[in-house]
Amino acid sequence: MSATGTGAAEAPRYTKKDFESDQDVRWCPGCGDYAVLSAVQKSMPDLGIPRENIVFISGIGCSSRFPYYMNTYGFHTIHGRAPAIATGLRVARPDLKVFVVTGDGDGLSIGGNHMLHVLRRNVNLTILLFNNRIYGLTKGQYSPTSEQGKITKSTPMGSADRPVNPIAFALGCGATFVARTVDRHIAHMEETIKRAAAHRGTGFVEILQNCNVYNDLAWNVLYDKEQRLAHEMKLEHGKPLVFGPVDARQALIMDGVKPVVAPAKETPPDRLWIHDESNLNAAKILADLFAPDYPVPVGVFAAVSAPVYEEIVLDQEQRAIADKGVGEIAKLLKSGDTWKIE
Amino acid sequence: MSATGTGAAEAPRYTKKDFESDQDVRWCPGCGDYAVLSAVQKSMPDLGIPRENIVFISGIGCSSRFPYYMNTYGFHTIHGRAPAIATGLRVARPDLKVFVVTGDGDGLSIGGNHMLHVLRRNVNLTILLFNNRIYGLTKGQYSPTSEQGKITKSTPMGSADRPVNPIAFALGCGATFVARTVDRHIAHMEETIKRAAAHRGTGFVEILQNCNVYNDLAWNVLYDKEQRLAHEMKLEHGKPLVFGPVDARQALIMDGVKPVVAPAKETPPDRLWIHDESNLNAAKILADLFAPDYPVPVGVFAAVSAPVYEEIVLDQEQRAIADKGVGEIAKLLKSGDTWKIE
Amino acid sequence: MSETAARAVTAPKPRRDLARAVVRFAGDSGDGMQLTGEQFTLESAVAGSDLATLPNFPAEIRAPAGTLFGVSSFQLQFGSQRVYTPGDRLDCLVAMNPAALKVHVDDLKPGGLLIVNTTAFDRRNLDKAGYAANPLDDPTLAERYRLHKVDMTALTLEAIQDLPLNTKEKDRTKNFFALGLVSWIYTRPLDPTLDWIKKKFAKNATIAEANVRVLKAGHAFGETAEIFSECYQLEPAEMAPGLYRAMTGNRALAWGLLAAAERSKVPIVYGAYPITPASGILEELAMHKRFRIRTIQAEDEIAAASAAIGASFGGAVGVTASSGPGIALKGEAIGLAVTAELPLVIFDIQRGGPSTGLPTKTEQADLMQALYGRNSEAPVVVLAPATPGDCFFIAYEAVRIATKYMVPVIVLSDGFLANGSEPWRIPDPSTLPPIEVHFRTDPAGFFPYLRDPATLGRPWVRPGTPGLEHRIGGIEKQDGTGDISYDPDNHDHMVRTRAEKVRRVAQEIPPTSINGPATGDLLVVGWGGTYGAITAAVERSQADGKAVASVHLRHLNPLPPDLGHILREYRRVLVPEINSGQLVRVLRAEYLVDAVGFNRVRGLPLATEDICDTINQLLEGH
Amino acid sequence: MSETAARAVTAPKPRRDLARAVVRFAGDSGDGMQLTGEQFTLESAVAGSDLATLPNFPAEIRAPAGTLFGVSSFQLQFGSQRVYTPGDRLDCLVAMNPAALKVHVDDLKPGGLLIVNTTAFDRRNLDKAGYAANPLDDPTLAERYRLHKVDMTALTLEAIQDLPLNTKEKDRTKNFFALGLVSWIYTRPLDPTLDWIKKKFAKNATIAEANVRVLKAGHAFGETAEIFSECYQLEPAEMAPGLYRAMTGNRALAWGLLAAAERSKVPIVYGAYPITPASGILEELAMHKRFRIRTIQAEDEIAAASAAIGASFGGAVGVTASSGPGIALKGEAIGLAVTAELPLVIFDIQRGGPSTGLPTKTEQADLMQALYGRNSEAPVVVLAPATPGDCFFIAYEAVRIATKYMVPVIVLSDGFLANGSEPWRIPDPSTLPPIEVHFRTDPAGFFPYLRDPATLGRPWVRPGTPGLEHRIGGIEKQDGTGDISYDPDNHDHMVRTRAEKVRRVAQEIPPTSINGPATGDLLVVGWGGTYGAITAAVERSQADGKAVASVHLRHLNPLPPDLGHILREYRRVLVPEINSGQLVRVLRAEYLVDAVGFNRVRGLPLATEDICDTINQLLEGH
Ligand SMILES: Cc1ncc(C[n+]2csc(CCOP(=O)(O)OP(=O)(O)O)c2C)c(N)n1
Ligand SMILES: Cc1ncc(C[n+]2csc(CCOP(=O)(O)OP(=O)(O)O)c2C)c(N)n1
Ligand code: SF4
Ligand code: SF4
Ligand SMILES: [Mg+2]
Ligand SMILES: [Mg+2]
């Protein structure tokens with residue numbers, strides 16, 4: 001059985017258009033989902049995978065309408081279960097390239113358990129989690145990523161729950177590829193999606209997405225020019241962790257077991273923190289940072305290599321067959337203790 | 001509404017016996033659960049809480065039989081749901097002290113989602129997760145904490161999943177109190193359980209527990225005298241992270257963003273890593289360590305203070321009542337647009 | 001008052017008396033059709049009409065403007081006699097754009113009033129609606145209907161041209177032009193809407209002013225424009241005297257819980273996960289913290305049900321709600337409540353299925369799930385409200401039964417009841433039956449599975465009660481002691497006891513009221529939100545002199561004790577349902593009567609007309 | 001061969017002919033009673049007896065020794081005629097300790113053979129079993145039964161005293177003493193057990209030797225000890241010639257899937273979460289990776305069902321299994337498969353409920369859950385095997401129907417079938433009906449919801465097929481195109497189509513076979529694991545000259561097309577079930593026949609005797 005989505009050699013030369021389906025796009029005008037759709041469609045040709053070998057699986061939510069708009073195979077399933085459905089699909093069909101599209105509610109509220117297990121199993125999937133910090137489709141209740149004290153329809157006096165941090169959660173689950181990107185940063189989005197899609201194992205991407213109807217500008221820290229300049233920290237493997245305007249460049253460094261921010265100019269080069277995607281400890285520290293006290297990291301937090309669940313499953317099958325040949329039911333039926341009646 | 005389980009002043013003087021119920025204990029002879037039961041029963045008197053204000057909630061599994069043996073209130077519920085049931089109980093009754101007893105399957109397989117959400121909400125509960133790295137009650141299938149490649153009834157060629165690390169997972173979910181103890185270390189167990197029970201918020205304790213029938217000596221690294229001496233690292237707030245035999249004492253220190261092990265003697269005091277329960281970054285690094293390359297930390301990884309879910313819920317109720325008085329249905333019915341028909 | 005409006009008052013057009021009318025406002029999701037409909041409802045109610053409403057909106061949050069799937073509509077029937085349903089066919093359709101026309105025009109009666117906003121009939125919108133040519137140019141439209149082309153957008157902008165608002169803001173008020181116009185046509189008072197505008201835009205005088213002007217402009221347009229030759233008036237309906245309010249089913253369920261919490265003095269913990277069309281209950285309850293209702297927005301439906309069960313174990317009333325897909329997830333947890341014998345109330349706001357189905361549409365297809373959607377023998381009580389206002393009483397009743405019998409109670413509402421509204425006579429809450437909850441505190445002779453001889457309920461103990469420490473669980477228990485028991489005969493006994501406990505609830509059911517003759521040719525049996533359609537159909541048949549009666553079940557498990565007897569008093573039994581035939585199967589199995597079903601599963605309420613036709617066919621022996 | 005054993009052969013005791021016997025081995029969970037029973041079963045099968053077994057063990061893994069709840073037992077009936085059930089009352093009880101005696105002695109027929117291991121009757125064990133005095137000292141025990149007190153432990157230790165094993169290891173072999181003894185009593189050949197020992201302990205000659213010696217010592221004890229005056233022999237049963245093996249229901253389900261994968265050439269993905277009594281299927285399948293069965297031990301039941309659905313979407317056959325509580329959790333996912341119209345096979349190995357209930361006991365109470373345990377109208381096919389061996393054919397049939405009609409199929413097995421075994425004639429797999437799966441590859445005119453006119457199934461497409469890229473989902477779809485559709489009439493049409501598709505499966509059902517006269521006084525209708533008990537009871541009644549017949553349903557949805565006609569050929573209809581009356585409700589609703597139920601929910605198979613009594617009562621008009 002061939003590994004994921006090979007066939008690059010024979011894959012036709014696609015353009016974005018080839019990945020646009022004939023369905024009406026049914027998001028609210030102005031929704032961040034449009035930008036993500038466009039970025040994904042634009043990334044597809046570069047994967048070098050025949051269109052028919054690509055499948056999009058989603059749960060339920062505004063974001064989960066995604067598969068309808070991709071001219072690939074697609075399955076819009078039930079709330080929260082997309083990772084489990086995709087796992088079964090990959091076990092059945094390790095030759096397909098499978099994407100999972102989910103939301104902060106779909107993937108982290110009802111679907112939190114499947115997310116945990118798909119990540120620890122390291123199933124070869126690309127997961128796009130659209131985080132708009134709200135339940136869009138059900139019209140604006142708070143979500144597990146909403147900030148504590150959030151006033152929504154279901155929490156008129158403010159939500160009582162502390163939010164879950166998708167990046168920290170994914171890392172705590174043992175994820176092997178974890179990244180964050182932003183709906184309004186088109187190029188970064190495309191690049192991140194392509195990196196995730198190329199990862200062997202589960203590529204988990206948190207996409208900060210704007211729900212302009214129920215939670216407008218939740219990610220303004222990365223939209224607003226000034227704020228972005230002050231806080232965005234691009235993670236680049238092998239490069240030091242620095243951020244902020246050129247004239248007031250800041251460095252993120254470790255003070256013992258604590259990250260601290262210091263003026264870059266005054267930081268000796270050997271104290272600079274060089275981003276290393278293979279360091280999961282570092283990734284977990286980065287995951288917890290956010291504005292205003294810290295920079296907001298975007299990019300690839302971690303990318304490590306680990307065995308892939310369905311490859312092991314398939315390998316066991318191959319070994320069993322190699323050992324004793326393909327099973328034959330007629331033989332099996334007669335194996336073990338039998339007796340004849342004449 | 002009084003905070004959790006106060007009443008210490010009036011609480012009768014109990015002994016362990018007061019917490020033993022009249023039910024036959026139904027675990028296999030030799031099971032580690034007996035030791036945990038005994039440690040919990042022994043810890044109870046020190047909580048200073050009237051027995052009738054204590055409730056044990058469990059899911060399903062060998063470990064989840066626990067409540068039957070405690071002479072307190074108890075509810076043996078359904079598989080994986082104990083954290084959710086306990087959440088409802090705490091919201092209804094914030095005056096009760098609630099314990100959740102769960103297993104590695106109950107709490108991290110089917111119940112993983114509820115575990116995530118109870119931890120991020122920081123519901124005031126003490127969670128005892130009995131980790132025997134196996135499904136005991138269903139007779140020996142591998143569990144989410146079983147090591148990869150584990151040969152069990154359901155995985156004759158070895159399991160394909162990478163295990164979840166309960167401590168790392170809990171921290172990734174935003175837990176505010178995370179600890180590990182061992183069924184055969186009675187004193188440490190009692191001490192840890194008491195600390196967890198005193199925590200305001202969710203106190204999560206992983207108890208390494210022996211299933212002598214289906215997974216004997218899974219934690220031998222902490223049972224076997226020599227191995228334990230070599231690897232056990234007791235976490236003590238304010239003390240340096242050192243471990244190993246007196247004559248070959250090792251220190252755990254940070255090398256940039258990486259933990260490394262170095263001979264303690266040769267480590268300058270200012271490079272020693274002083275354990276700080278309030279440092280969640282440090283806790284996450286510690287969570288990932290295990291023998292043989294690293295020490296095995298036991299004790300309190302992290303203890304931080306954060307708002308408690310049900311306290312906020314109750315506080316909103318109190319504020320609403322303080323603002324406008326207790327609601328009256330007769331008035332509400334007549335509020336807003338009405339009209340009379342004569 | 002603008003000059004036009006003033007003029008209008010001086011020369012009134014003729015008014016024709018009308019008994020009832022069915023009006024539908026339809027437009028783009030962004031056109032504010034739901035608000036328009038709600039305001040028109042309020043005006044009609046204040047005018048003394050009886051009425052029933054049917055909001056209908058897409059599953060998409062804000063579907064792209066102008067598309068067919070983005071059409072949102074609000075229908076109501078109002079009248080001077082009892083109005084049971086939002087009506088089948090329309091007397092008047094307001095179409096704010098081509099898509100709305102396309103989707104809805106076939107429901108308009110021939111000769112019906114068709115009012116279109118011509119401004120929206122531009123090439124772009126026509127394309128989106130899939131019209132090659134402008135349908136307004138097609139003469140057959142005007143032949144079939146009384147077509148009125150109104151350039152609403154232009155008239156709106158004109159009315160407020162001097163106000164300091166941008167065009168988008170101005171354009172957004174055009175639904176009030178339509179409202180004003182239709183209010184004029186049916187002689188509805190504008191005051192309720194004027195009041196609403198005042199309150200709603202208290203902080204923005206300009207917007208308030210704009211809305212007022214546009215509303216009045218629409219009204220004046222009716223009076224002055226040459227195109228409307230007459231308007232209609234309706235006598236106030238004969239309704240029981242009292243104070244009334246509009247009530248939707250979801251709000252009524254929520255308020256029923258508030259009433260139950262107040263009367264029982266037991267706090268309620270409501271665990272829910274958002275889902276259409278049930279989310280509104282959570283949102284409503286969350287606003288009433290003063291009633292000691294605690295709401296938990298749980299991580300999923302299983303957690304929501306579990307939290308409710310945990311609360312019940314703690315001595316609160318646990319309530320959980322969802323729609324069909326979420327109820328399916330709660331099955332295992334409900335089974336725990338059955339065997340733990342704890343009170344639990346479950347609201348199922350049914351919607352179109354299976355699976356995700358038609359999330360914003362109505363259906364009645366969860367009856368079997370309510371009865372049987374769990375492993376093993378796990379009987380629960382099942383209730384169903386008949387109208388939006390009835391939801392209040394049913395919610396209250398559910399709490400009363402659950403706490404009295406220590407049993408889960410499922411309430412089957414639906415999308416139509418949830419969002420639909422009716423003029424509701426405000427009850428005096430002190431007339432509600434008491435909810436008497438006794439928590440056991442006496443340790444003498446206590447066991448957790450002792451039983452009350454009348455209800456078979458077991459004692460409810462609040463943890464925290466000294467001397468009553470005990471353990472319960474989902475494994476089979478010995479009756480009485482509650483100890484784990486694998487004894488075969490005890491298990492058989494417990495299965496029977498749990499069933500008998502539910503059967504005992506029959507003693508709570510009042511004699512079944514029969515709408516029509518006590519014996520006759522046909523009995524129509526219904527349940528839930530089809531009450532209006534069935535009653536209207538049966539009363540129409542009765543008016544035609546047919547020996548037809550109807551019975552509407554609010555208790556579906558157990559069934560009313562007198563039902564078997566009643567069924568046998570009619571030659572035939574018809575059971576109309578918005579499913580493939582669920583209650584009809586229950587009745588056939590239970591009473592061995594050859595009941596037949598009338599089943600339409602269209603995501604919409606049943607049409608009175610269709611039920612009438614079926615009644616006639618059955619009476620003619622087809 | 002030991003000296004004692006040699007002596008035994010020389011002086012044989014008299015042998016009495018027997019038609020059938022019911023034997024139960026009972027002891028502590030640690031006493032190896034399940035193994036003893038299984039070996040005795042194999043010996044009996046090889047001796048040519050027909051037989052049926054009933055393993056029965058506690059929910060606790062290893063309950064503390066000597067307790068009542070820790071008793072484990074294994075019962076079988078074997079005979080020279082057709083044996084349908086493990087038997088009601090016992091001819092012979094082997095009690096290895098006081099607790100086993102206490103729990104089981106009442107099931108022994110008066111005058112039955114009671115063999116006790118006296119060594120275990122010490123004060124400690126008597127206390128644990130709650131015996132104030134040693135029951136063996138009570139003379140009434142010996143009066144009521146043929147009591148044989150055997151000091152098994154001492155005799156066991158004696159037989160292997162010279163072997164280098166510790167006392168605990170030696171003690172552990174005493175179950176083979178019991179096996180040897182009972183094998184002697186019923187003239188069962190020891191060879192199968194000797195073979196088993198050889199294989200099992202191939203790597204430990206000492207243990208092997210010990211077991212062989214103890215087995216033979218038990219056998220010799222029977223022959224030589226003065227206490228047994230006679231032994232029994234049974235003619236081989238008349239069974240169809242062929243090669244036989246013992247088959248349990250769980251293994252048969254697993255192997256049925258292997259056969260289906262081989263014949264269909266479509267791989268199977270089996271997603272499951274462990275649960276008693278279904279886990280054995282997962283464990284069995286995991287051993288057969290060579291058959292291209294891929295097993296996923298999922299994180300929960302929802303994920304297991306979801307993974308199976310994902311696999312089906314990928315062009316494999318998705319299969320998932322659980323017991324009742326887990327099936328309850330799968331309801332929502334099954335609904336997705338219904339509307340996505342994908343093949344899916346669901347095994348429900350029913351156990352005692354509700355909730356956690358009696359996890360290791362049997363029950364038949366999930367029929368309604370299988371039919372209705374989901375939101376909205378979500379019909380699926382429901383099948384039920386009649387015997388352990390039948391599970392093989394039913395699993396195969398489930399895959400065949402699921403792929404042919406693109407529909408979920410639920411198979412209702414139960415704890416009794418799952419663990420019970422029967423001598424099973426090995427079928428020739430080439431005689432199984434073919435499973436023909438056609439994956440669509442032709443893009444011309446393709447739409448995902450086009451339908452096969454005969455089955456109404458939609459095309460199955462393997463992702464990876466060029467030109468057939470398409471999207472499906474849980475929202476209602478337009479028939480044909482599969483596009484999202486909120487159209488009311490399309491929804492009604494789709495609801496009917498999904499139902500009709502399931503109804504069409506009736507064309508797969510062979511004419512119903514009637515056991516008895518084609519018309520008469522009473523028809524007994526059964527389903528699932530009660531086949532044996534019902535058939536035995538009906539044949540007993542027939543032997544008494546009564547006009548009684550039986551019909552056993554393997555297809556529960558749709559029902560066999562000829563069933564309605566058959567039911568009406570009998571004066572009365574009786575439906576025995578291990579539930580509170582589920583199939584009986586279905587039959588009453590469907591056919592309007594006044595069928596009555598016989599219902600015992602004891603966690604155990606129905607007793608033939610009880611069914612006979614009920615038949616007699618009905619025939620006498622009670
Ligand atoms: C079982 C089930 N429960 C609840 C719902 C209702 N529901 C649909 S989408 C959704 C949450 C959507 O939030 P998110 O995943 O953040 O997606 P978004 O709409 O914000 O993109 C919910 C609660 C459902 N469809 N099914
Ligand atoms: C819904 C449901 N699924 C599955 C089961 C079967 N089951 C009971 S306990 C258990 C796992 C037990 O493992 P763990 O939680 O590790 O507890 P342990 O027995 O090891 O203490 C399973 C799968 C069940 N009772 N209910
Ligand atoms: S509700 Fe929010 S997330 Fe959903 S489509 Fe509209 S803008 Fe986008
Ligand atoms: S199976 Fe394992 S965990 Fe369960 S009681 Fe026995 S020893 Fe303990
Ligand atoms: Mg969201
Ligand atoms: Mg375990």
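Per chain, numbering begins at 1; letters A, B, ... match sequence-line order. A quick note: this is a predicted structure, and the numbers were derived from the prediction, not measured.
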Discussion item. If the condition is side-chain hydrogen bond (donor to acceptor under 3.5 Å, both in side chains), which residues does C:T614 pass it with, not counting sequence neighbours?
Written reply: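 With sequence neighbours excluded, C:T614 shows a side-chain hydrogen bond (donor to acceptor under 3.5 Å, both in side chains) to no residue whatsoever.
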Item to complete: Give a yes or no on whether a salt bridge exists between D:R588 and C:E590, defined as a side-chain N under 4.0 angstrom from a carboxylate O.
Response: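 No, no charged N to carboxylate O under 4.0 Å.
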Would you mind telling me which of [options] has the largest number of heavy-atom pairs within less than 4.5 Å of chain D?
options: C:R351, C:E60, C:Q364; value: C:E60
options: C:G324, C:A499, C:G352; value: C:G324
options: C:K330, C:E476, C:Q350; value: C:E476
options: C:G603, C:S485, C:G353; value: C:G353

Between [X] and chain C, which part of the residue has a heavy atom less than 4.5 Å away: side chain, backbone, both or neither?
X: D:V586; result: both
X: D:Q582; result: side chain
X: D:L604; result: side chain

Worksheet item: Can you name the salt bridge (charged side-chain N to carboxylate O under 4.0 Å, His left out) partners of C:D88, sequence neighbours left out?
Response: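 Not a single residue meets the salt bridge (charged side-chain N to carboxylate O under 4.0 Å, His left out) criterion with C:D88.
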Worksheet item: What pair of heavy atoms forms the shortest contact from C:N375 to D:S355, and how long is it?
Response: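 Of all heavy-atom pairs spanning C:N375 and D:S355, the closest is ND2-O, 3.5 Å.
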Worksheet item: Is it the backbone or the side chain of C:I302 that comes under 4.5 Å from a heavy atom of chain D, or both, or neither?
Response: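 Answer is side chain: those atoms of C:I302 sit under 4.5 Å from chain D.
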Discussion item. Do D:N599 and C:V495 have side chains that approach each other closer than 4.5 Å (heavy atoms only, starting at C-beta)?
Written reply: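 A side-chain contact under 4.5 Å is absent here.
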Worksheet item: Would you say C:E363 and D:H491 make side-chain contact, with heavy atoms under 4.5 Å?
Response: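 The answer is yes, as the side chains (C-beta and beyond) meet within the 4.5 Å cut-off.
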